[in-house]
Amino acid sequence: MLYSREIVHSPERFEQWHLTHTILRSQSFEMLQIRQGGYGVHDIDFWVERPAGKGFSVAVLGISGHGRFLMEDGTEITIGEGEAFISSPSGQGHREETPGPEPFEHLWVILAPTSPILPDPSFDYRIVSFGNAPLIKELVRNIISEDLAGASADDTSLDLSERLLAHEIRKAIEPEGYDPLKGRKAQLASLWNNVSQHLERPWTVNDLCSVMNCSRSHLTRLCQAVYQQSPGEKVREMKMEYAKMLLANSVMTIHEIAESTGFARSSRFSSSFLAYEGTSPREYRKKSDG
């Protein structure tokens, strides 16, 4: 069975429940960029092989029993209750298996490489300890049960369980003392560098998303988290600050500055500048000259 570039061997005797698309589209899991996941109880005949440079991160949180990971470099790792194995999107390949005789009960999630809770991209894999394994089991089973209930589900209970589980996953995966905004700022650095070199373009949010190769909702969340601004507001700030510099330090005309900041008409530029700075471009230049 081919599954997200994984090769999975599933014997007859095993229990596994996947988080459905409905669950994964919830805000709690979207914020962490969890793309797939589930709860499993695997016996000795179950194994998974994941290739090197797979392009996604895998986190396996042990609830009971033991899971073994055989790395490409020959390293052998075993985790138990309250321990998690976290593999990098660019890390080495490995095989996950149950050494037995007790089944390995765990929660597993696949995260996008841009997930804000992942460590520095240069890591290979990590083994971490976490608390509340029984709570995680209770939460994930409740989420799956409520989702299977469909129309009769208790939406309030489901939302609370999703938020609590996302919180526990974050605590388990995110490195201690890790600043989640550091990774997000790094993701945005190349985007704003591109924008700053081409401020004459009438940048739209869709243009920004194309450069970042991400969805509109994801880019909006990143900008709100880092700058407390929307992507459009951030571009506007960059354009207006550049215009202020040109007004104060160049002999360019208002029309030329408008074109340099992506405005087809000087009147549109002037009204946008007035709304941003509280004064017109001409008045700002006079004050700067004075």
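A quick note: this is a predicted structure, and the numbers were derived from the prediction, not measured. In this chain, residues are counted from 1 in sequence order.
Heavy-atom minimum distance, Ile144 versus Tyr39: CD1-CB, 4.2 Å. Minimum heavy-atom separation, Ile79 to Gly62: CD1-N, 4.2 Å. The nearest pair of heavy atoms linking Lys239 to Thr261 is NZ-O, 2.7 Å.
For Phe263, the ring pair (Phe, Tyr, Trp, His ring centres under 6.0 Å) test picks out Phe269, with sequence neighbours left out. When the side chain to side chain donor-acceptor pair (under 3.5 Å) test is applied to Glu83, no partner is found at least two apart in sequence or on another chain. For Glu241, the side chain to side chain donor-acceptor pair (under 3.5 Å) partners two or more places apart in sequence, or in a different chain, are Lys244, Tyr276.
Evaluation of the salt bridge (charged side-chain N to carboxylate O under 4.0 Å, His left out) test over residues 250-274, restricted to residues two or more places apart or in two chains, returns none. For residues 197-224, there are no ring-ring contact (aromatic ring centres under 6.0 Å, His included) pairs, not counting sequence neighbours. For residues 18-29, no pair satisfies salt bridge (charged side-chain N to carboxylate O under 4.0 Å, His left out), with sequence neighbours left out.
A donor atom on one side chain and an acceptor atom on the other are not found under 3.5 Å apart for Ser64 and Glu102. Of the N and O atoms on the side chains of Ser28 and Ser26, not one donor lies less than 3.5 Å from an acceptor on the other residue. Asp73 and Thr75 form a side-chain donor-acceptor contact under 3.5 Å, judged by distance and modelled atom types alone.
Annotation: side chain of Ile34 is in contact with side chain of Leu24 (closest heavy-atom distance under 4.5 Å). Counting heavy atoms from C-beta on, the side chains of Val205 and Val235 never come closer than 4.5 Å. At a threshold of 4.5 Å between non-hydrogen side-chain atoms, the residues Val48 and Val58 do not count as touching. Contact check for Ile254 versus Leu247: side-chain heavy atoms found under the 4.5 Å cut-off. Residues Ser230 and Gln224 meet the side-chain proximity criterion, which asks for heavy atoms closer than 4.5 Å. Residues Lys171 and Asn132 are in side-chain contact: their nearest non-hydrogen atoms beyond the backbone lie under 4.5 Å apart. Put simply, the side chain of Ser270 reaches to within 4.5 Å of the side chain of Pro281, judged on heavy atoms. With contacts defined as side-chain heavy-atom distances shorter than 4.5 Å, the pair Gln36/Phe56 does not qualify.
Note: Arg126 CZ to Ser88 OG = 11.0 Å, rounded to the nearest 0.5 Å. We find the CZ-CD distance between Phe69 and Glu97 to be 10.0 Å, quoted to the nearest 0.5 Å. A distance of 13.0 Å separates NE2 of His106 from CD1 of Ile136, quoted to the nearest 0.5 Å. One distance of note links OH of Tyr125 with CD1 of Ile77; it measures 4.0 Å at 0.5 Å rounding. In this structure, the separation between CD1 on Ile44 and CZ on Arg68 is 8.0 Å, given to the nearest 0.5 Å. From Ile143, atom CD1 reaches atom CZ of Arg141 across 12.5 Å, with rounding to the nearest 0.5 Å.
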* Where do Thr204 and Asp207 land on the side chain to side chain donor-acceptor pair (under 3.5 Å) test, with the steps shown first? -> CA-CA 5 Å; Thr204 67; Asp207 293 333; 3.1 Å; yes
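Within a 6.0 Å radius of OH in Tyr242, no more than 12 heavy atoms belonging to other residues, nucleotides or ligands are found.
The main-chain N or O of Gly38 is never found under 3.5 Å from a side-chain atom of Gln16 such that the two would form a donor-acceptor pair. The backbone N or O of Glu138 lies less than 3.5 Å from no partner atom in the side chain of Asn142, so there is not a single donor-acceptor pair. Of the possible polar contacts, one joining the Gln92 side chain to the Glu72 backbone as a donor-acceptor pair under 3.5 Å is found. A donor-acceptor contact shorter than 3.5 Å is absent between the side chain of Thr98 and the backbone of Gly67. Side-chain N or O atoms of Ser115 include one that pairs as donor or acceptor with a backbone N or O of Leu32 at under 3.5 Å.
When ring centroids are compared, Phe85 and His94 come within the 6.0 Å threshold.
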